[in-house]
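Working notes for the structure below.
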Amino acid sequence: MLYGIIAATAAFLLAALLTTLLRGLALRLGICDRRRQRPLPLFGGVAVVLVTGLVAGAGEWTGVAPLGSGIGGLLVAGGAVALLGLVADVVRIRRRVLLVGTALAAAFVVPYGETGVPAGILAVGWIALVATAFRGLDHADGLAGTVGVVTAFGVGVCAAAEVLDGLAVLLSALAAALTGFLLHNWHPARIALGACGSLFSGFVLASAAVFTRAGQGLSSSAAVLFALTAPACADVLLVVASRRLAGRPLSRRGPDHLGHRLRRIGLSAPGVTVLLGIGAFCGVLVAVLVHTGRAGEGTVLWVAGGALALVLGLLRIRVPEARRTAGFPVRATGVQPYATASSQVTGPLRVRSG
């Protein structure tokens with residue numbers, strides 16, 4: 001308990017400091033996201049990954065908080081996914097490559113002995129989907145970090161209920177690191193997670209959730225896993241449905257995510273993050289209650305109904321078509337949802353693909 005508090009405090013402070021240092025490095029190297037009103041430096045995710053690994057690794061190395069069987073492999077696989085995301089932040093990588101790479105990493109993490117092979121294969125696909133969904137949430141100031149913090153606490157409670165202390169420490173370190181990062185990512189953002197941090201966060205959270213539900217019923221596990229990640233799942237459903245209905249390829253970017261549409265109905269940038277953060281908390285609360293046996297599986301239907309109602313309602317909100325100029329993604333005309341503080345960026349700019 002005491003080590004968990006110390007580890008979380010250290011992760012928070014280290015992430016806040018390291019994010020500041022890496023922001024300057026990203027600016028000097030010109031590694032920025034140009035899809036916003038101004039080029040936004042990336043590398044925030046690098047700070048989250050390094051701090052989470054350092055704090056969790058220190059507990060394992062000192063023997064104070066051993067990670068336990070399989071958790072060390074989860075952290076290593078998460079690092080591999082983060083490295084793949086970092087490459088995507090620096091150079092162009094197709095989405096399918098990121099998806100396949102994440103799925104391969106997940107295939108080495110899933111505890112097939114407890115889940116069984118068929119359920120394990122489903123878990124691999126689900127982990128890859130959630131990791132990709134968290135990358136999609138990084139379109140708005142503070143959104144991916146806020147949802148990540150709430151989800152990490154929820155999965156951590158489930159892990160503690162299963163006496164997976166090492167996993168609980170890892171999740172508390174991730175939550176604290178994301179909180180330290182949020183000091184710089186809250187609107188107006190000064191740095192973004194990038195594919196490195198968002199893929200890592202989604203991968204670790206989804207994999208940890210699978211560990212906590214391994215060996216339990218498939219239907220109840222599916223309900224808990226969905227409730228834990230409801231905002232990310234809703235965002236994926238909204239984007240896929242809207243692009244299919246519009247006849248656009250799924251790989252073509254556009255301002256059609258949850259945050260974009262909520263901004264178009266009048267919510268402020270912080271308001272969008274707070275609203276979806278509350279939605280994430282409600283889903284996590286239901287998931288924890290179902291996981292600990294304090295509520296039935298049917299309770300998750302309320303979360304599913306709320307998510308579906310949100311998606312159907314936002315599908316009615318028209319969004320502008322994204323355009324491309326000189327081979328680079330450019331924000332469409334119309335509402336510019338996520339303004340960030342102005343600053344000068346020097347050096348050649350590299351555009352995050354995705």
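All values below were derived from every heavy atom in this structure, side-chain atoms included, with hydrogens, water molecules and symmetry-related copies excluded.
- A donor-acceptor contact shorter than 3.5 Å links the side chain of Thr299 to the backbone of Gly296.
- Residues Phe43 and Thr19 have side chains not in contact (no heavy-atom distance under 4.5 Å, counting atoms from C-beta outward).
- A 4.5 Å side-chain heavy-atom check between Val210 and Pro111 finds at least one atom pair inside the cut-off.
- Listed for the Ser268 side chain is a donor-acceptor partner under 3.5 Å among the backbone atoms of Gly271.
- Separation of atoms CG (Leu205) and CD1 (Ile127) is listed at 11.0 Å; rounding is to 0.5 Å.
- When each of Leu22, Asp33, Leu86, Leu29 is tested with Leu42 by the rule side-chain contact (heavy atoms from CB on, under 4.5 Å), just one qualifies, namely Asp33.
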Walk me through whether Cys32 and Leu40 qualify under side chain to side chain contact (heavy atoms under 4.5 Å, CB included). CA-CA 5 Å; Cys32 301; Leu40 187 66; 5.8 Å; no

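- In the hydrophobic cluster analysis, where Ile, Leu, Val, Met, Phe, Trp and Tyr join through side-chain heavy atoms closer than 4.5 angstrom, Phe12 is grouped apart from Val150.
- In terms of heavy-atom proximity, Ala192 sits nearest to Asp138 at CB-OD2, 4.2 Å.
- Within the structure, the side-chain hydrogen bond (donor to acceptor under 3.5 Å, both in side chains) test picks out no pair touching residues 97-121 (sequence neighbours left out).
- A side-chain donor-acceptor contact under 3.5 Å links Asn185 to the backbone of Ile191.
- Looking at Cys282 and Ile278, their side chains come closer than 4.5 Å, going by heavy atoms from C-beta outward.
- Minimum heavy-atom separation, Ala77 to Ala105: CB-O, 4.0 Å.
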Phe134 vs Val147, test: side chain to side chain contact (heavy atoms under 4.5 Å, CB included). Steps then yes/no. CA-CA 9 Å; Phe134 263 82; Val147 173; 4.1 Å; yes

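- Atom CZ of Phe153 has 12 or fewer heavy atoms from other residues, nucleotides or ligands within 6.0 Å.
- A donor-acceptor pair is defined here as one N or O able to donate and one able to accept, closer than 3.5 Å; no such pair exists between the side chain of Arg23 and the backbone of Gly44.
- The distance from atom NE2 of His260 to atom CG of Asp235, rounded to the nearest 0.5 Å, is 9.0 Å.
- In this structure, Leu67 CG and Leu74 CG are separated by 9.5 Å, a value rounded to the nearest 0.5 Å.
- Distance OG1/Thr229 to CG/Leu129: 8.0 Å, rounded to 0.5 Å.
- No side-chain donor-acceptor contact under 3.5 Å links His184 to the backbone of Phe181.
- Between the side chain of Arg261 and the backbone N or O of Leu314 there is at least one donor-acceptor pair closer than 3.5 Å.
- By the rule that hydrophobic residues join a cluster once side-chain heavy atoms approach within less than 4.5 Å of another member, Val236 and Val303 end up as members of separate clusters.
- Hydrophobic cluster membership for Val163: none, as no Ile, Leu, Val, Met, Phe, Trp or Tyr side chain comes under 4.5 Å of it.
- Summarising the geometry, atom OG1 belonging to Thr146 is positioned 10.5 Å from atom CG belonging to Leu137; distances are rounded to the nearest 0.5 Å.
- Residues Ser219 and Glu297 are in side-chain contact: their nearest non-hydrogen atoms beyond the backbone lie under 4.5 Å apart.
- At distances below 3.5 Å, at least one donor-acceptor pair connects side-chain atoms of Ser242 with backbone N or O atoms of Val239.
- The cluster map of Ile, Leu, Val, Met, Phe, Trp and Tyr, joined by side-chain heavy atoms under 4.5 Å apart, puts Val48 and Leu25 in the same cluster.
- Other residues sharing a hydrophobic cluster with Leu104 under the 4.5 Å side-chain heavy-atom criterion for ILVMFWY residues are Val100.
- Looking at Ser220, its side chain never comes within 3.5 Å of a backbone N or O of Gln216 through a donor-acceptor pair.
- In this structure, CG on Leu237 lies 9.0 Å from SG on Cys233, to the nearest 0.5 angstrom.
- Between His187 and the options Val272, Leu143, Asp141, a side-chain contact (heavy atoms from CB on, under 4.5 Å) holds for only Asp141.
- Cluster partners of Phe108 are absent, since no Ile, Leu, Val, Met, Phe, Trp or Tyr has side-chain heavy atoms less than 4.5 Å from it.
- Side-chain atoms of Ser221 and Arg213 include a donor-acceptor pair closer than 3.5 Å.
- Val311 is connected to Leu275 through a chain of hydrophobic side-chain contacts under 4.5 Å among Ile, Leu, Val, Met, Phe, Trp and Tyr, so both are in one cluster.
- Proximity of Arg135 to Leu193: side-chain heavy atoms (C-beta onward) are nowhere separated by under 4.5 Å.
- One hydrophobic cluster, built from ILVMFWY side chains closer than 4.5 Å, cannot hold both Val76 and Val204; they sit in different ones.
- Across all non-hydrogen atoms, the minimal contact from Gly53 to Leu75 is CA-CD2, 4.2 Å.
- When every heavy atom of Ala177 is checked against every heavy atom of Ala15, the shortest pair comes out as O-CB, 3.3 Å.
- Considering Val46, Thr52, Val81 as possible partners of Phe200, the one that fulfils the side-chain contact (heavy atoms from CB on, under 4.5 Å) test is Thr52.
- Here Leu122 sits alone; no ILVMFWY side chain lies under 4.5 Å from its own, so it joins no hydrophobic cluster.
- For the pair Leu84 and Leu199, the minimum side-chain heavy-atom distance is 4.5 Å or more.
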Walk me through it: do Leu310 and Leu258 pass the test side chain to side chain contact (heavy atoms under 4.5 Å, CB included)? CA-CA 9 Å; Leu310 178 64; Leu258 285 173; 4.0 Å; yes

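- Under the 4.5 Å side-chain criterion, counting only non-hydrogen atoms from C-beta, Phe211 is in contact with Val109.
- By the 4.5 Å heavy-atom criterion applied to side chains, Phe203 and Val130 are not counted as neighbours.
- With sequence neighbours excluded, no residue satisfies ring-ring contact (aromatic ring centres under 6.0 Å, His included) with His291.
- In terms of heavy atoms, Ala11 sits closest to Ala173 at CB-O, 3.7 Å.
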Go through Leu183 and Thr20 one step at a time and tell me if the side chain to side chain contact (heavy atoms under 4.5 Å, CB included) criterion holds. CA-CA 10 Å; Leu183 296 179; Thr20 300; over 6 Å; no

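- In plain terms, the two heavy atoms of Gly156 and Ala168 that are nearest each other are O-CB, 4.1 Å.
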